[in-house]
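These figures come from a predicted structure and were not determined experimentally. Order of listing sets the numbers, starting from 1, for every ligand and every atom in it.
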Amino acid sequence: MARWAIGDVQGCFHSLMALMDRIGYRPERDELWFAGDLVNRGQGSVECLDWLRQHPIRAVLGNHDLHAIAVLLGLARPKRSDTLDGLLGHPNASELLDWLLALPMTQDDDHWMSHAGLYPEWTAEQASTLAQETCQAWLAAPEAFFSTMYGNHPDRWDEALNGQDRHRFVVNALTRMRFLNPDHSLNMTSKGSPLDSPDLLPWFLRTRPEKPILFGHWAALPDREPAAQVIALDSGCVWGQHLSAYNLDTHQWVQQPADPKDLAHV
Ligand SMILES: [Mn+2]
């Protein structure tokens, strides 16, 4: 048995299939953890979702997956760079939507995973509880939830936050966070490498992991293991770089070069 954590697929279906060949994936034997951003920007979001739905995977939702949900619900307009038309026109679009809505934002076992990482003012257990509370809120009222999901405020955690503000902070911390300001507020303006933003704090320099933290979302990070027990899985497949797999038990990395067929034709 092997356990592999996979970085941001973003609709790069051919790259994903090549990576599965490389690691010799056998569904009856192996376990796959997906760090979110399963869809969007690549050319094969539908193919990826069809494949993922047919395999016993552990996955978390990323910001692109949440955006896809909002678009499928008719609550957000696709952006110019989105490649969600295949999902919108899919004959089973409502099944794809239900499958996405049922995915969690965290996985918690001997490793902990979310798309963006672990906010330093939360324990892994607390973050998982907040994630579950937030998923329950969108399952109870998807339209109300996803129509108020977007926005950068509040940018600081306070246990007293409630309702939409509380949910928006949890979603942003678990699916969009990269840099923090010195007061631990979320800084949503910079996406680059920490080397280019010396005044800002990557979240993982403040978090003290109780167990290994797996995350995606940050393709510009130059280091796959940027701090102790911090595993950065997004190696920019959709930007023409690599799709990464990390073996949870042997710590081996496998990096599959992006298949050009997956990339936007511009
Ligand atoms: Mn992301």
S.K.: Less than 4.0 angstrom from a charged side-chain N to a carboxylate O is my criterion; do K211 and D108 meet it?
M.R.: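 Yes, this pair counts.
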S.K.: Strictly under 2.8 Å of the Mn ion (ligand 1): which protein N/O/S atoms qualify?
M.R.: D37 OD2, N63 OD1, H115 NE2, H217 ND1
S.K.: Using a strict cut-off of less than 4.0 Å between a Lys/Arg side-chain nitrogen and an Asp/Glu carboxylate oxygen, indicate whether R206 and E121 qualify as a salt bridge.
M.R.: no
S.K.: Please find out if less than 6.0 Å separates the ring center of F179 from that of W218.
M.R.: yes
S.K.: Is it true that R3 and D110 make a salt bridge, defined as a side-chain N closer than 4.0 Å to a carboxylate O?
M.R.: yes
S.K.: Going by side-chain contact (heavy atoms from CB on, under 4.5 Å), H115 matches just one of N63, L214, L61, D65. Which one?
M.R.: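 Exactly one pass, corresponding to N63.
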S.K.: Taking the ring centre of each residue, are F215 and W203 less than 6.0 Å apart?
M.R.: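 Between W203 and F215, which both carry aromatic rings, the centre distance is below 6.0 Å.
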